[in-house]
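As structure tokens, the structure follows; a few thoughts come after it.
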Amino acid sequence: MAEDIRWVKTHCARMDHGGCALLVGVKDNRIVKVKGDPDGFLNKGYICPKGLASPDRLTHPDRLKYPLKRAGKRGEGKWERISWQEALKEIAQNLGKIKEKYGARAVAFGLGMPKGLDHFVLIRLANLFGSPNVVTSQDVCHAPREITGIHTCGFYPVADFHHKSKLIVLWASNITSTNEEGEISSMLLKQLKNGAELVVIDPRKIDLVKKSKKWLQIRPGTDHALALGLLNVIIEESLYDRDFVDKWTYGFEDLKNHVREYTPEKVSEITWVPPDLIRETARLYAISKPAVIQWGNPIEHNIHTFHITRALICLMAICGNLDIPGGNVQAKDPKIMGLGQFVRADLFPNKWKEMISTYHHTIPRLMTVPPAFFRKAILEGIPYPVKGFYAMCANPMMSYADSPQTYKAFMNLDFIAIADLFMTPTAAMADIVLPVASQFEFNDIGHFGLGHGYILARPKVVDPPEECWPDIKIINELGKLISPTEYWHDDYNQFLEDVLKPAGLTYGQFVDKGYLKGHERYNAYEKKGFRTPTGKVELKLSTAEKFNLPSLPEFSGPPEDDDPDYPLVLTSSKSRYFLHSSYRWIKGLRDKRPHPKAEINPETAGKYGIIEGDVVVIETRFGRITHIAHITDIVDPRVISASHGWWFPEANVETLFDWERSNFNMLTSTEKLNKQFGTPNLKGIGCRIKPEPK
Ligand SMILES: Nc1nc2c(c(=O)[nH]1)N[C@H]1C(S)=C(S)[C@@H](COP(=O)(O)OP(=O)(O)OC[C@H]3O[C@@H](n4cnc5c(=O)[nH]c(N)nc54)[C@H](O)[C@@H]3O)O[C@H]1N2
Ligand SMILES: Nc1nc2c(c(=O)[nH]1)N[C@H]1C(S)=C(S)[C@@H](COP(=O)(O)OP(=O)(O)OC[C@H]3O[C@@H](n4cnc5c(=O)[nH]c(N)nc54)[C@H](O)[C@@H]3O)O[C@H]1N2
Ligand code: SF4
Ligand SMILES: [Mo]
């Protein structure tokens, strides 16, 4: 029997940022086994539970298999099956009508976590259709660190795990669970084996705390204060890299004067981290070279995200850890088609002038629309009305902050089309639902356009079932109906060839290689300076006045004021077994984590009369959900950590799968937003808990 199995090499995807090389065993167009590829460039054989379960995505009996058209009222769960031709025609006609009446910008295109090349094909469609509005969750995912990086030092400083670091600082990054940044946790573990030291900055005692030299159990939402405290110690104790600071930074004296007030004692009161631990951490980071900061999501789940990310880059810079091997680096792409060229940005040069976010004065270079501003356009017509939405790879009913507002906005749209693998709370709100082929069912390129310096081959392994189409094919066909046909291909696979052409490779040749990595080049600034107006790392922003940005990283308080009615501090993390709101319908994964769990310290549980397994009500000023109590000392008694992304595929479609019951974003709000990125508070929110009344 074993001889019948055909083994195919590909890369894991659409379960997180992806990256593990896989060996996939196929028999009769079915995946029968999957394992980590020992030759994998990043993972060297590692595979996680999600990777192992990833083929089960394809064979679920309830998977969407045919295009559907809404038959009842919106969200009522009544559908009729239609053909692809009808579905595409319906979408084209509705988007066309909106374009005619309100202009192309009244149609927004929605994307979730970037999953593959399709992400960029949809941006291309938006450009060709003439809409500047591509809505994504970038407000709370990567845009703050990437774009603040560009403004501060001319690039996005990614953690370099490809070279030896002396010290690794995991700042709000639970990498053994989330494999964040397309960097593989196995690479980090290898570094630790080779002697790198570890500092963990996390309100939860994550697994890697066991391997760490120091753990800073920070009060959620106060990272900007901590970063300023570290800067204070490093500067006051003259531990910074004097040579680099003299030659390559702008505004050091201003930063020095500015951080003087953030003494470890003061910062300790805000962050709950003991003053001596702040001092020791600052010293360790300053003297360990190279040291790398692996930054995670919670630094951008906060209205102060611009200050946090600015302060972290200042730390990297003054300690001389920018653009050196084993530090935070500018990854160089291989010789492939550029992102701008691929999405045909040239055809829409004035896009930024027309975007919804321009009205809200978001930071230059932010080219996607934050969800809060998208909904404002729908509900209030500010700055102009939005009436239509085409989205794929996203579940905004769960992933956007302030879920009731998303529901209201969707109820007010004239037309919604959603492409997904499964009926979700978002797909259930659509007029047209499109069934997609996913990972393993079509040829794809991973990590294109993500700034990690490499791309990965993801060749097709099996045929998709029934009428499931890859998103790239859907967009390619829709593109021909709603934009000039000459920009679309006869066969969507040609897009893969386009990307690889500059490398002189066909897709087939690329698959044989497995991946392409850009040339490693460090200290690039020594030749040309940093790509900022001053040619230096701008500790103080020279563009502050021009772009109306704060010139220095500041602390103006925690995300929310203390409120005695909500005495506990709420945070959350992502589950090792799911991707955001995705895949709770995969049995093998759901069995591992059947319920949304709230982590509660034993002392707090005792105080509120809660025992392990109780249904608990979690309330903030904005909403109320239930979770299952998990009593654990991995959190401080003052903190509650809940789970993100919960809906119940097994529940009734008429209730939109109980989308409100345990959905963390029922507890968040968009009443306060970060100015540069439109980011709401997802962490550090005042809350209270009680057992659910019986
Ligand atoms: N409160 C809170 N909110 C958050 C976060 C948080 O930590 N806390 N995290 C934020 C972050 S970092 C992000 S990136 C966003 C993520 O937000 P989303 O990307 O909206 O996240 P998912 O919930 O994973 O939704 C992805 C959907 O894509 C579908 N899908 C999977 N594969 C394919 C495919 O190949 N094609 C198509 N068309 N669909 C597919 C899945 O079934 C799922 O329904 O959420 C953000 N929101
Ligand atoms: N299994 C799995 N993997 C994923 C994802 C997933 O949903 N599931 N999502 C993918 C995506 S799109 C992204 S962007 C990445 C994100 O990956 P991560 O950045 O690792 O995301 P989180 O799990 O939200 O948060 C990381 C850690 O921050 C801690 N934390 C909570 N609040 C605070 C705070 O205020 N300050 C500090 N310093 N720490 C805090 C949490 O306890 C958690 O351990 O992961 C990717 N990989
Ligand atoms: S860590 Fe991510 S890329 Fe690796 S097997 Fe798991 S889900 Fe796939
Ligand atoms: Mo993300």
Side-chain angles (χ1 to χ4, degrees), residues 13-18 48-50 57 64 110-116 118 122 136-142 170-182 200-208 216-223 226 271 294-302 308 371 391-401 403 418-427 434-439 441-442 444 470-471 474 559 569-583 585 599 634-635 639 641-645 647 663-665 667-668 680 682-684:
R14 297 165 193 262
M15 280 290 187
D16 57 24
H17 296 167
C48 84
K50 280 191 282 107
R57 267 178 304 187
L64 293 168
L111 286 164
M113 181 200 82
K115 293 187 173 59
D118 38 47
L122 191 70
T136 70
S137 294
Q138 278 205 300
D139 57 329
V140 293
C141 179
H142 285 71
L170 280 183
W171 197 308
S173 175
N174 188 12
I175 195 162
T176 49
S177 280
T178 56
N179 191 23
E180 162 64 341
E181 277 283 38
V200 173
I201 301 174
D202 199 304
R204 294 166 57 247
K205 192 175 185 180
I206 58 173
D207 289 349
L208 279 172
L216 284 66
Q217 192 176 20
I218 190 170
R219 172 185 168 145
T222 61
D223 297 85
L226 181 63
T271 61
Q294 163 59 39
W295 34 6
N297 251 177
I299 57 160
E300 39 210 10
H301 288 181
N302 187 313
I308 306 173
M392 61 178 216
C393 296
N395 190 3
M397 291 274 285
M398 311 304 300
S399 52
Y400 295 175
S403 296
I418 301 288
D420 206 301
L421 280 156
F422 207 85
M423 190 58 81
T424 65
T426 301
L434 303 173
V436 299
S438 196
Q439 168 68 356
E441 295 174 337
F442 63 98
D444 194 10
D471 290 283
I474 303 174
V569 183
L570 180 67
T571 191
S572 72
S573 67
K574 304 191 204 320
S575 165
R576 178 171 169 72
Y577 300 109
F578 306 115
L579 169 67
H580 303 285
S581 75
S582 311
Y583 311 133
W585 36 274
E599 292 162 342
I634 79 163
V635 288
V639 170
S641 181
S643 307
H644 150 65
W647 58 286
N663 169 6
F664 189 93
N665 279 323
L667 302 177
T668 56
L682 304 181
K683 305 282 191 286

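Start at 1 and go down the list; that is how both ligands and their atoms are numbered.
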Check whether any heavy atom of D223 sits under 4.0 Å from an atom of ligand 2.
yes
Have a look at ligand 2 and work out which part of I218, if any, has a heavy atom under 4.0 Å from it: side chain, backbone, both or neither.
side chain
Report the part of S641 in contact with ligand 2, treating N, CA, C, O as backbone and CB onward as side chain, heavy atoms under 4.0 Å; options are side chain, backbone, both, neither.
neither
To check your reading of the model: name the closest protein heavy atom to atom 8 (N) of ligand 2, its residue, and the distance in Å.
F578 O, 2.6 Å
Any idea which part of I206 is under 4.0 Å from ligand 2, heavy-atom wise: side chain, backbone, both or neither?
side chain
Can you tell which part of T571 has a heavy atom less than 4.0 Å from ligand 2: side chain, backbone, both or neither?
side chain
Counting heavy atoms only, which part of C141 comes closer than 4.0 Å to ligand 2: side chain, backbone, both or neither?
side chain
For H301 together with H644, are the ring centres under 6.0 Å from each other?
no
For atom 15 (C) of ligand 2, what's the nearest protein heavy-atom neighbour? Residue, atom name and distance, please.
E180 OE1, 2.8 Å
Subset of ligand 1 atoms that lie under 4.0 Å from at least one heavy atom of T424:
44 (O)
Taking a cutoff of less than 4.0 Å between a non-hydrogen atom of the residue and any ligand atom, is M15 in contact with ligand 2?
no
Could you verify whether a donor N or O on one side chain and an acceptor N or O on the other, from S581 and N395, lie under 3.5 Å apart?
yes
Check each heavy atom of S137 against ligand 1 and say whether those closer than 4.0 Å belong to the side chain, the backbone, both or neither.
side chain
With a sphere of 6.0 Å drawn around NZ of K205, does it hold more than 12 non-hydrogen atoms of other residues, nucleotides or ligands?
no
Please list, in number order, the atoms of ligand 2 under 4.0 Å from a heavy atom of D16.
3 (N), 4 (C), 47 (N)
One residue to check: L682. Relative to ligand 1, which of side chain, backbone, both or neither has a non-hydrogen atom less than 4.0 Å away?
side chain
Regarding atom 13 (C) of ligand 1: of the candidates R57, K683, H580, which has the closest heavy atom?
H580
Considering only heavy atoms, does H17 approach ligand 2 within less than 4.0 Å through its side chain, its backbone, both, or neither?
side chain
Between ligand 1 and Y583, can you find any atom pair, the residue atom being a heavy atom, that is separated by under 4.0 Å?
yes
For S173, is at least one N or O under 3.5 Å away from an N or O on ligand 2?
no
Any heavy atom of S572 sitting closer than 4.0 Å to ligand 2?
yes
Side chain, backbone, both or neither: A172 near ligand 2, heavy atoms under 4.0 Å:
both
Nearest heavy atom to atom 1 (N) of ligand 2: which of P298, S582, S575, P114 does it belong to?
S575
